[in-house]
2 protein chains.
Amino acid sequence: MKLPQYRKLQHLLKKQILTGIYQEGDLLPSENDLRLHHQITRTTVRQALDQLVKEGYIRKKKGKGSIVRSQRETLGLLSFHGFSEVVKATEHTGYTKWLKPSYWNDWGNTFFYPLSEKEKKAGCICIERLRSVDTDPVILEYTFIPNVLSPGLLQLPLVDQSLFKTLQYEYNIEVISVVQDVRALPANPVVAIHLELREQDPVLHIYRKYKTNRPDFFLYSSLYCNTAKYAIGSVFT
Amino acid sequence: MKLPQYRKLQHLLKKQILTGIYQEGDLLPSENDLRLHHQITRTTVRQALDQLVKEGYIRKKKGKGSIVRSQRETLGLLSFHGFSEVVKATEHTGYTKWLKPSYWNDWGNTFFYPLSEKEKKAGCICIERLRSVDTDPVILEYTFIPNVLSPGLLQLPLVDQSLFKTLQYEYNIEVISVVQDVRALPANPVVAIHLELREQDPVLHIYRKYKTNRPDFFLYSSLYCNTAKYAIGSVFT
DNA sequence: GAGTGGTCTAGACCACCTG
DNA sequence: AGGTGGTCTAGACCACTCG
């Protein structure tokens, strides 16, 4: 575990942002301050800050400084949920309902993405959630997590109700990229009931594979979206 | 027009990749070579290469070199079409049909994204294309280009049949990010006919706004996708 | 005018890959 | 062993922001 200097600074600053020591809109210490405090050169400081920019934690402004961005914005890029963005943009309120307690399962015969032997053997923890904007159900989400974490997610309470935050705080696991396949489908009965649609109404369906900073650990999701009222937004940079 | 050194090198290398001087899998000259040839320091060379990595033109390997990636992969990140990816992955052949010659139009009363006064006054050039995989129509695409380019896109032949390539070669305009809204809709009669679906069948619909390296120049698209056979893939990093 | 980030120089040592 | 990219040092000048 020999991290380069710039990674250490990067992780330190990220932690300080995530724990609220620096909040949205705050300025980080200047590159010069950081250089003096950590006894490294400005090049190295800049390397650390470049990473944080790439990850969306800060943006930089010439003559001003490094400005902390909101975590919503950060997630927005990755999540593609539209959920948080929609909620944020419209000042509606978002709500997530656990359809049932998370449970262990094997992967079934035909999982939507290929699995490694290790993943297959461990089975997975399944989470079924319904996400709403105000009182409108918008996303029905099935999440599949390989059961390879100790002590296991089943026993843990979630930080802030958020799976990603829990993984980050408890296991240092961070999502670094997402691959997804998107389709338009007619709603099946289960989907129709939860999303308050008629059967056969068009729904947006997304298969997702999340890559993390652990090379052998992935997350999987299957999402059904009612886009009648709210579209799903995303940004590519 | 005072470009920093690293931008110049970045653009030179990009041009050489796009024109095939360096092809997929080739190694770029080493950082040391580039430094000597261009009389700049390695730091500056690395800055240029970092940009190309970010844009997906190359990937770097320690002990090996900077390897040129395929342009398909590159576009894949931005395009979100799934079109080229699907075609590439399955070794089917892609085909684009101009439904009619491009034509001038005002924007209509309710364009899907807000427009600047300058854009409104100029009107737009419209392109209607149908993209197919083998013989299956997959994407019906309407593209709207503000009519602010001289001599105007209407008179120009397209490079490689590609709008993006034409903009890059003729005007030095490059797309740098995309904002989009995605929905599932029932097919209307026009869409149904072109995509060979029944009316009311679910189609994926995407509104897109492309941001370019010209701060005041955007492109707009509206896409209808038949996802019955081919899903739309995308990657977030 | 003082402080900030943006660009750049001229070196250095390391880990990794390949012959 | 020699070449590659990865990390890092210790400086410099510039353009921009703000009081």
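First the proteins, then the strands, lettered A, B, ... as listed; each starts at 1.
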Test ring pair (Phe, Tyr, Trp, His ring centres under 6.0 Å) applied to [X] - qualifying residues, sequence neighbours left out:
{"X": "Tyr220(A)", "result": "Trp107(A), Phe111(A)"}
{"X": "Phe218(A)", "result": "none"}
{"X": "Tyr207(B)", "result": "Phe112(B), His205(B)"}

Using side-chain contact (heavy atoms from CB on, under 4.5 Å), reason through Thr41(A) and Arg35(A) one step at a time and then give a plain yes or no.
CA-CA 6 Å; Thr41(A) 54; Arg35(A) 170 191 131 243; 5.5 Å; no
Salt bridge (charged side-chain N to carboxylate O under 4.0 Å, His left out) with Lys14(B): which residues, sequence neighbours excluded?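 Scan of Lys14(B) (salt bridge (charged side-chain N to carboxylate O under 4.0 Å, His left out), adjacent residues dropped) gives Glu55(B), Glu174(B).
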Pairing residues for Arg46(B) by the salt bridge (charged side-chain N to carboxylate O under 4.0 Å, His left out) criterion, not counting sequence neighbours:
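Only Glu31(B) meet the salt bridge (charged side-chain N to carboxylate O under 4.0 Å, His left out) criterion with Arg46(B).
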Can you identify which nucleotide, out of dC8(D), dG6(C), dT9(C), has its nearest atom closest to the Thr41(B) side chain?
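Nearest nucleotide to the side chain: dT9(C).
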If you only use heavy atoms from C-beta on, which nucleotide in dT9(D), dT9(C), dG5(C) is closest to the side chain of Thr44(B)?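 The closest nucleotide is dT9(C).
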[atom1] of [X] versus [atom2] of [N]: gap in Å, rounded?
{"X": "Arg7(B)", "N": "dG6(C)", "atom1": "CZ", "atom2": "P", "answer": "11 Å"}
{"X": "Gln51(B)", "N": "dG6(C)", "atom1": "CD", "atom2": "P", "answer": "12 Å"}
{"X": "Arg35(A)", "N": "dG3(C)", "atom1": "CZ", "atom2": "P", "answer": "13 Å"}
{"X": "Leu36(A)", "N": "dT4(C)", "atom1": "CG", "atom2": "P", "answer": "10 Å"}
{"X": "Ile40(A)", "N": "dT9(D)", "atom1": "CD1", "atom2": "C1'", "answer": "11 Å"}
{"X": "Gln47(A)", "N": "dG5(D)", "atom1": "CD", "atom2": "P", "answer": "16 Å"}
{"X": "Leu34(A)", "N": "dT4(C)", "atom1": "CG", "atom2": "P", "answer": "10 Å"}
{"X": "Leu27(A)", "N": "dG5(C)", "atom1": "CG", "atom2": "C1'", "answer": "12 Å"}

Categorize Ser30(B) for me: base, sugar-phosphate, or nothing, with a 4.0 angstrom heavy-atom threshold over every strand shown.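 Contact class for Ser30(B): sugar-phosphate only.
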Worksheet item: Which part of the nucleic acid, if any, lies within contact of Leu49(A), taking any heavy atom under 4.0 Å across all strands shown: a base, the sugar-phosphate backbone alone, or nothing?
Response: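 If one applies the 4.0 Å heavy-atom cut-off, Leu49(A) turns out to touch nothing in the nucleic acid.
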State whether Tyr6(A) places a side-chain N or O below 4.0 Å from either non-bridging phosphate oxygen (OP1 or OP2) of dC8(D).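 So the side chain of Tyr6(A) is outside the cut-off, no N or O lying under 4.0 Å from OP1 or OP2 of dC8(D).
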Short side-chain N/O contact from Gln5(A) to OP1 or OP2 of dT7(D), under 4.0 Å =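 For dT7(D), neither OP1 nor OP2 has a side-chain N or O of Gln5(A) closer than 4.0 Å.
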Letter by letter from the 5' end, nucleotides 11-19 of chain C scores (B base, S sugar-phosphate only, - none; protein heavy atoms under 4.0 Å) -B--BBSS-
Next item on the list: For Lys60(B), look at atom NZ and say whether over 12 heavy atoms of other residues, nucleotides or ligands are found less than 6.0 Å away.
Entry: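 For Lys60(B), atom NZ is crowded (more than 12 foreign heavy atoms under 6.0 Å).
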